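Following: one structure in structure tokens, then a few remarks.
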Amino acid sequence: MKKSKMLSGLILIGAATLMAAPQSAYGRDAQPGAADSAPAKAQATAAALLPSGRWGVIGRNTLGGPNAVLRDGPYGRTGTAFAATQAPPYGQGSLGIIVGSGNDKIAYGNETIFANDRLSTIRTLGYWVFAGVDSLAGVSLPNITIEADPQVGTADYTSLVYLPDTSTGPSAPATRLPNVWQRYDASATGSRWYATGATGTAIGCTQATPCSFADLKTRLPDAVVSLSLGFSKGRDNRFVGAVDGLRVNNTVYDFERSGVRTRFAR
């Protein structure tokens, strides 16, 4: 008598690994809201779950041995109880990020669906961050990075980088907290952005002298997304945590262990 065996697959995602479902386009404009730390509100304002493909580690912008993995959790602690009960802002998963040293860098995003979109059409841009550390002293959070063709000067490439650590309310929470989910509205008043290379110098938005997202769009009126839009962390300091709920206009990208999905924000 023959015995049959059922084998279940175990997928391990390490450094420079991607997991995604089929592709979906992104939505239309919405007005920005203030940053907060209430994932339950996020769950209530998004619906119509659909798969979204072509998300993954951007290898050409990744250095060293960092890790980006679609995972369940993490769950935050918002009170004095021992149990971690604050769920991720959407679904039950997120994109876990580990950057082991200041020499490492991870870039994770989509190199297809945003290509050729005009920067000026992005009205709402935000995300949630979970910093899995006991103290945020000396810790830089993951940012949003847009690879773009600036359409100014002679340069045809720049990275537009959001600075969550130096942004102020309502773009960033009034108090940055570890081990909880917090929302950052990268398009709101108080946001701090810079453009890399000659473009930043030409428009007066450098890392040393950042500008708001509104000013960035004014100074780059014809800029288009070129190679990617997504998250980046490094090269600066170590980080262990996660990101979730990337919102681009009326579409929220929900990172789950089974793949990236879109939710149309209400």
Side-chain angles (χ1 to χ4, degrees), residues 12-15 19 32-47 49 66-102 104 106 108 125-144 162-186 188 190-192 230-234 236-247 252-261 263 265:
L12 297 178
I13 303 180
M19 177 190 295
D36 58 45
S37 56
K41 293 181 182 178
Q43 296 275 17
T45 58
L49 192 65
N67 178 285
V69 55
L70 292 169
R71 54 160 293 177
D72 285 336
Y75 286 75
R77 289 183 171 85
T78 58
T80 58
F82 291 143
T85 58
Q86 184 202 32
Y90 299 96
Q92 61 183 15
S94 65
L95 176 67
I97 293 176
I98 298 176
V99 175
S101 77
D104 295 341
I106 189 75
Y108 187 104
L125 187 61
Y127 65 122
W128 293 73
V129 181
F130 182 98
V133 295
D134 290 330
S135 171
L136 285 172
V139 176
S140 299
L141 300 178
N143 60 55
I144 292 176
Y162 173 63
L163 297 169
D165 305 305
T166 56
S167 293
T168 60
S171 177
T175 303
R176 295 196 312 157
L177 298 173
N179 294 307
V180 296
W181 284 101
Q182 292 188 298
R183 184 166 67 95
Y184 288 78
D185 187 341
S191 61
R192 297 290 181 267
F231 302 112
S232 182
K233 165 60 187 168
D236 40 30
N237 46 60
R238 299 175 61 188
F239 179 82
V240 177
V243 293
D244 194 22
L246 173 65
R247 180 169 177 173
V252 174
Y253 295 92
D254 173 16
F255 296 84
E256 298 293 332
R257 185 163 64 108
S258 59
V260 182
R261 305 186 182 281
R263 297 172 179 264

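Side-chain atoms are counted along with the backbone in the values below, which use heavy atoms only and exclude waters and symmetry mates. These figures come from a predicted structure and were not determined experimentally.
In this structure A84 satisfies the side-chain contact (heavy atoms from CB on, under 4.5 Å) test together with Y75, R77, sequence neighbours excluded. By the side-chain contact (heavy atoms from CB on, under 4.5 Å) test, T168 is found to be paired with R192, residues two or more places apart in sequence or in another chain being considered.
When each of I97, L70, V243 is paired with Y108, the side-chain contact (heavy atoms from CB on, under 4.5 Å) condition holds for L70 and for no other.
Inter-residue side-chain proximity for L246 and I144 is flagged as met; some heavy-atom pair is nearer than 4.5 Å.
Put simply, CG on L141 and CD on Q182 are 8.5 Å apart, with the number rounded to the nearest 0.5 Å. L136 contributes atom CG, which lies 8.5 Å from atom CG of D165 (distance to the nearest 0.5 angstrom). Note that CD1 of I98 is 10.0 Å distant from CZ of F239, once rounded to the nearest 0.5 Å. Distance check: Y162 OH to S191 OG gives 6.5 Å after rounding to the nearest 0.5 Å. The distance from the OG atom of S135 to the CG atom of L177 is 11.0 Å, given to the nearest 0.5 Å.
Between G132 and N179, the shortest heavy-atom distance links the atoms CA-OD1, 3.4 Å. Heavy-atom minimum distance, D244 versus S94: CB-CB, 4.0 Å. Counting all heavy atoms, side chain and backbone alike, P164 lies closest to P142 at CG-O, 3.6 Å. The shortest non-hydrogen separation linking P89 to W181 is CD-CD2, 3.6 Å. Residues S171 and G190 share a closest heavy-atom pair of CB-C, 3.6 Å. Taking each heavy atom of P74 and A242 in turn, the nearest pair found is CD-CB, 3.7 Å.
Using the six-membered ring where Trp is involved, Y184 and Y127 have ring planes that are tilted, between 30° and 60° apart.
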Task: Trace of the side-chain contact (heavy atoms from CB on, under 4.5 Å) decision for R176 with V180 - done: CA-CA 9 Å; R176 295 196 312 157; V180 296; over 6 Å; no

Open item on the list: side-chain contact (heavy atoms from CB on, under 4.5 Å), that's the test. Do N237 and V99 meet it? Break it down for me.
Closed with: CA-CA 8 Å; N237 46 60; V99 175; over 6 Å; no

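E256 places a side-chain N or O within 3.5 Å of a backbone atom of G93 that can act as its donor or acceptor partner. Within the 3.5 Å criterion, the main-chain N or O of S140 finds a donor-acceptor partner in the side chain of K233.
Ring centroids of F231 and F255 are separated by less than 6.0 Å, placing the two rings close together.
Applying the 6.0 Å contact sphere to CZ of R238 captures no more than 12 heavy atoms from other residues, nucleotides or ligands.
Remark: D254 does not engage R261 in a salt bridge, criterion side-chain N to carboxylate O under 4.0 Å.
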